[in-house]
Amino acid sequence: MPALVNYGGDDECYPGVSFHPSPMDLDGLLPSSSHVDLYFRPSKRARIGAPVVFGGRANEQVCKPSIEALPDECLFEIFRHLHSTKERSSCAGVSKRWLMLLSTIRKAEICKSNRASINPLVERSNVVQKKPESDEISDHEDESNGFLTRCLEGKKATDVRLAAIAVGTSGRGGLGKLSIRGSNSTRGVTNLGISAIAHGCPSLRMLSLWNVPSVGDEGLFEIAKECHLLEKLDLCHCPSISDKGLIAIAERCTNLTSLIIESCPNIGNEGLQAIGKSCSKLQMISIRDCPRVGDQGVSSLFASSTCAITKVKIQAMNITDFSLAVIGHYGRAITHLTLSGLQNVSEKGFWVMGSAKGLKKLTSLTIASCRGMTDVSLEAMGKGIANLKQMCIQKCCFVSDNGLIAFARTAGSLETLQLEECNRITLLGIGGALSNHIRNLKSLTLVKCMGIKDIAEEVTLPSLCTSLRSLSIQNCPGFGSASLSMVGTLCPQLQHVELIGLYSITDASMLPLLETCEGLVKVNLSGCVNLTDETISTLVRLHGGTIEVLNLDRCRKITDASLVAIADACLSLNELDVSKCAITDAGLAVLSSSEQINLQVLSLSGCSEVSNKSLPFLERLGKSLVGLNLKNCHSISSGTVGMIIEDLWRCDILV
């Protein structure tokens, strides 16, 4: 006691701190209390006072670090003085609170000076900044490059992950591309996460948002403020984004070159008008299923004299003939145009677009599911679009033989023609277009055209189509022997032939085509179930020296005899698909023994007769293979598959 009385030091009374090394030993001496003041000579200051509760072994002293007691404003001021990206990344790993706080700091707010003011009351603009050292300059340059790409899908798409990306990518080249597909159902992406990206990634050049209902205009406001280098914006199923967000992007992101808007019900004419007014560098625009967008919005994109848009897609929109007239008159820079599902556009709209002769650079045109697409409008496009090279017409029920022949007569530059589900087109229309008019046509594709059927009487065709190199007939059930014979006679220079899902094709009907063509390179006969080994034997006998790709998928009558013929005659074959054919181990043995075969891709999917005995044959073929498909080969055991994978380690194998 005298020692305590006479002590003249600076001892203080520290509430809630025990002077005994083990407070539990004093359980019987001191009363239990929620707060006990004890006098002791301090050896180390306690950072924060906390109550001590004595109650046995389970009692522990809870001490919260003092820095966690600081308000966000103080932590913000501390964090913005961390001029090293490595230091900021390290701090972000401490806690979620620190991470989210760091993600709110803009690049311009980071103080680069080691002697910057630490007074949080000082205005940010008055902070004295030291000239960066050489290493800081290079770090800053890396942050602006935007080399990195990140993609978040489904459950992984959260604000926390976006904050981590914003903080973590700044010192690793900078984020250039960000894609968000879907959102976590309970804690998905919101404006907070998008704002974190805006603050931490000013190098962002491409942003894609798909199905993120909680992201609205506020998120785009922040992107517009900070990401002035933005070039590509993709908004799909974003119901919370309206014209306000798009206007902000248009006013501040003037480097925008590509804009895709799909199923955004709150984006309308005002947003597109702002884009057309401010984004003079825009080259690609795609708009789909946006009910508030009408003629005013679409036409404003092309009305400017500085319009440089080259690629346009307009699908499922409530526009009328007026928009197509504007495109036809002012779309001078357009090279690729897709129009689909325009139910309010009549024949007059398409006719005016073609007749205006303003689409001078248009080379590729796709029109789908448009009732206004008729024979009259198709002929007008052939006359008015002089440089058109690729034409695709899908599900246009009013286009017939007359329109096709008239179009072929005037479209002198056409090289590729695709007709899909145009059921008024018949074999006479195809023959007339090929034989009379399209002198530069190189590729013809017919898909599900139910009007194409064999003609009983013989058709006299005036001339051959010597320019055609590629022919694809897919799932046209009426295309039979007579149709194939006529096409084979008309087109002697074919190199690529696709006959897919044609049940009526037989060995006899294939013979004229194979005999007429001079050198086939790619042949796809998948789904032609009535073809046998006889067709393959004739094919390799006449074209074995030139053929490089052969697809016999689902040709169930093809057997080992075809593999024997291929092994003997196909000197240049690179890809072979015999999936679901009647192939056995014996056929693979013959194929692998051929010294001239140098296959790179082999597909045996669904060949139930191929078994473990084929292991040595596959290993021999594997010396040149880069791709092997063994899916649904149930006679090959898992152990054999494992050995094949181990032996052919350079080959991509599907099992």
Side-chain angles (χ1 to χ4, degrees), residues 363-368 378 381-382 385 388-396 399-455 459 461-502 504-505 509-510 512-514 516-526 528 549 551:
T363 59
S364 177
L365 176 60
T366 298
I367 300 177
L378 182 58
M381 291 179 190
I385 308 176
L388 189 63
K389 297 183 183 301
Q390 300 176 3
M391 182 67 177
C392 178
I393 306 174
Q394 301 174 348
K395 300 179 181 180
C396 293
V399 175
S400 68
D401 291 342
N402 294 332
L404 179 60
I405 294 174
F407 173 74
R409 186 181 296 113
T410 55
S413 301
L414 193 68
E415 296 179 356
T416 300
L417 176 62
Q418 178 176 339
L419 303 174
E420 181 174 345
E421 295 189 44
C422 296
N423 296 328
R424 292 195 179 187
I425 300 293
T426 69
L427 194 61
L428 290 176
I430 298 297
L434 288 177
S435 62
N436 284 322
H437 312 296
I438 312 182
R439 55 184 178 274
N440 295 319
L441 190 66
K442 294 180 174 59
S443 175
L444 173 63
T445 300
L446 305 175
V447 181
K448 296 181 180 179
C449 292
M450 302 304 174
I452 297 180
K453 300 177 181 179
D454 284 350
I455 301 175
V459 180
L461 300 173
S463 61
L464 302 179
C465 181
T466 56
S467 63
L468 197 68
R469 297 291 184 271
S470 176
L471 174 66
S472 178
I473 313 294
Q474 304 177 24
N475 301 310
C476 297
F479 194 92
S481 301
S483 305
L484 188 58
S485 177
M486 186 199 76
V487 172
T489 303
L490 267 177
C491 311
Q493 301 296 325
L494 285 176
Q495 295 178 353
H496 303 167
V497 174
E498 283 189 345
L499 305 176
I500 300 176
L502 304 183
S504 302
I505 298 298
S509 58
M510 283 292 297
L513 176 67
L514 297 178
T516 303
C517 297
E518 296 181 359
L520 293 176
V521 178
K522 296 182 180 180
V523 178
N524 186 343
L525 302 175
S526 59
C528 296
V549 178
N551 190 336

>> Has T410 got a side-chain atom pairing as donor or acceptor with F407's backbone, closer than 3.5 angstrom?
In response: yes
> If every non-hydrogen atom of L441 is compared with every non-hydrogen atom of E415, which pair is closest and at what distance?
Replying inline: CD1-O, 3.4 Å
>> Closer than 3.5 angstrom, by distance alone: can the side chain of S509 be matched with the main-chain N or O of I505 as a donor-acceptor pair?
In response: no
> Looking at L494 and L513, what are the two nearest heavy atoms and their distance?
Replying inline: CD1-CD1, 4.0 Å
> Can you name the closest pair of heavy atoms from S504 and S481 and give their distance?
Replying inline: O-OG, 4.1 Å
>> Please find the pair of heavy atoms, one from C491 and one from C517, that lie closest to each other, and give the distance.
In response: O-SG, 4.1 Å
>> So does L428 get a backbone contact from the side chain of D401, meaning a donor-acceptor N/O pair under 3.5 Å?
In response: no
> So how far is it from M381 CE to I367 CD1, rounded to the nearest 0.5 Å?
Replying inline: 3.5 Å
>> Exactly one of T416, T366, L378 should register a side chain to side chain contact (heavy atoms under 4.5 Å, CB included) with M391. Which one does?
In response: L378
> Between M510 and L484, what is the shortest heavy-atom contact and its length?
Replying inline: SD-CD2, 3.6 Å
>> Using a 3.5 Å distance criterion without hydrogens, assess whether the side chain of N423 forms a donor-acceptor pair with backbone atoms of M450.
In response: yes
> Run the side-chain contact (heavy atoms from CB on, under 4.5 Å) check on I500 and V447 step by step: do they pass?
Replying inline: CA-CA 9 Å; I500 300 176; V447 181; over 6 Å; no
>> For S467 versus N440, what's the shortest heavy-atom pair and its separation?
In response: OG-C, 3.7 Å
> Going from CG on L444 to CD1 on I473, what distance comes out if it is rounded to the nearest 0.5 angstrom?
Replying inline: 6.0 Å
